[in-house]
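Start at 1 and go down the list; that is how both ligands and their atoms are numbered.
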Amino acid sequence: MELPRSRRSAHSPLGRKSDSAHTHTPVADEKGSRLPVLLSSVLLLALGGTLLYTTSFSLNCGDQLEQSLSPSFESDSSAPTIRKVLDGGVLPTSHVLDELKLSDADNTLGGLLADLSEFDSNSCASRAQHLQRKTKFKPSQELVQRLRRYEAQHRKCASRAKDFGQPKSGSRVHDSEAPEEECRYVVWIAYSGLGNRLMTLVSAFLYALLTNRILLVDRSSDMSKLFCEPIPRTSWLVPSEITVEFVQGLNESSPQRFRHGSSTAGDNSSTAEFSYVHLTHTSDSGDEMFFCDSGQQQLDTKPWLFIKSNSYTVPGLFFITQFRADLSVLFPDKEAVFHLLGRYLFHPSDAVWGWITRFHKSYLAHHDQQVGIQIRTFDDSPLPYFLEQIQECVEQHELLPKVVKNVDSIRRSEELQLQNLQASEKDITVLVTSLHPYYYENLRDVYLSGPTEGGESVSVHQPSHEGWQKTNTFGHDLKAWADIYLLSLSDVLLTSGWSTFGYSAQALAGVSPWILPRSTDGQVPNPVCVKARSMEPCFHRPPLLKCKIPEGANPATILPYVQPCEDVKWGIKLITTPPTQRFFQVDDRHGLHASVRVTI
Ligand SMILES: *[C@@H]1O[C@H](CO)[C@@H](O)[C@H](O)[C@H]1NC(C)=O
Ligand SMILES: *[C@@H]1O[C@H](CO)[C@@H](O)[C@H](O)[C@H]1NC(C)=O
């Protein structure tokens, strides 16, 4: 029964529900909402079925039936690799999707995830049946240990989180707890689109790991409908005693804003126990002290931090000297931060998983190679030059086979195929994600217009086309998350610059993508695409670093694995192996425009 509204909505100044009849049990909350979630997802999927925009075809029907009867996603690892240049040789030899069987396989992704028996059975199909690509990036032992320790701490502290804003009960003197057992929190505030939210969740989680805090997730978005609970036997959602209105009400005008307002001057009010950290495109140099040692010392005094961000701030955490040793032990492969933490945190909910697996089974399961093309143009209508750019990129770098255009050659090629003399019987699947059907339709037509030179069959698919971005609409976010996951199964990726959607897919995949730079003049840019130096996302708005590093100095001399991004020239990203020489572009927001050549 619903309590009378007046009682339920009584809030203390800190936004706590003062309704004492309501006790928070996160897991029960989850279950309570399961039925409506499932019902609504059934409706959505039924509706989605009529919108589903996809076509399957094959130019080479020879062994289609045989393949579709194959019980496993595993392909023959001796299958010929296409032109041997794919992904600069970084990829494993075969695409091999890793369908892990509960009985005989390591379903913890190399110790990254807690053992399945730790979780509620039947709580999350995607955790039990990964479809993920095999990856060469394994978690370090230190990371595995840190995650297990984190999980224990999260279980302990999540239940105490409902006490936020309450006067400390009892005296510390009589408290049997040692001071280091005090619970400390980072609350992630939902902000911006799904791709940004994945960026900021990984950033906040890494920050929590580094500062012995636990991460709690704002309830205001559809996070609980899109993702399974990642931590065994507890919840990562902010307890309902801390209201959505309170969490979402924090903004740059809040007096608790870090390095702004009264909280900087040693406030002794009850609000002094938390800080609001503002790391968005409107952050100023005060907010950016977050990336300085002195700023971290200040934040260390607060048991609660509320962070709002729309950037991938992980590369910035490497600037904080107190974190650096820890980071290098946890992540020997610097570029695997999102890859590992993203695979740890993000498991599609059952509603999203149904969508993913049905699409995968129908269109993507049987192939030798999957090429993902992620298109985000920030324009309302499709751009013909962008289609050209994609076609030139795949041709120049031999990412997809060439189509035979000459009529005689087509006839000859078809005869060869009939006689089964063609060497390749390779099936290539192209997965296009875009808000528009235009690119998919045109690419499909290219591969219908003639046979490929090597006799490979190329099929083109697009799971959804939403027309425009509808942030925070559940149906839209469901499809966006499904698209990201399906893209992350690709062996080769082409991504649009500047897109957090593409960053998420490439990092989950463990694949350094080919980036399609944005045109500045409506013409096909030159080069048409560039190979990313790593799979890591770009931090679009790095701090000016006035703290440790002298103004105007080059951060790359201190941090060789922090490099400029390929797509956003003032952005920074992590790479594993630094080159011996490179340019580092110092942030030009303040007109510095410095470009310093560094030799290490
Ligand atoms: C911040 O939030 C307050 C109320 O929570 C609102 O009145 C104010 O307009 C907001 N400011 C900004 C800049 O969004
Ligand atoms: C803060 O402390 C000062 C004295 O140190 C006191 O005068 C003031 O009332 C306190 N404010 C609050 C909100 O407790």
Are there any protein N or O atoms under 3.5 Å from the N or O atoms of ligand 1? List them with distances, or say none.
residue: ligand 1; atom: 2 (O); partner: N251; partner atom: ND2; Å: 2.3
residue: ligand 1; atom: 5 (O); partner: G249; partner atom: O; Å: 3.4
residue: ligand 1; atom: 11 (N); partner: N251; partner atom: ND2; Å: 2.9
residue: ligand 1; atom: 11 (N); partner: S253; partner atom: OG; Å: 3.4
residue: ligand 1; atom: 14 (O); partner: N251; partner atom: ND2; Å: 3.2

Could you tell me whether R257 and D287 have a side-chain N and a carboxylate O separated by less than 4.0 Å?
-> yes
Salt-bridge contact K225-D477 (side-chain N to carboxylate O under 4.0 Å) | no
Checking E229, R155, H154 against S235 for side chain to side chain donor-acceptor pair (under 3.5 Å), the one that qualifies is E229
Only one of F306, Y276, W304 clears ring-ring contact (aromatic ring centres under 6.0 Å, His included) with F246; which?
-> F306
Ion pair present between R184 and D300, side-chain N to carboxylate O less than 4.0 angstrom?
-> yes
Partners passing side chain to side chain donor-acceptor pair (under 3.5 Å) against T280 (at least two apart in sequence or in another chain) | H278, T282
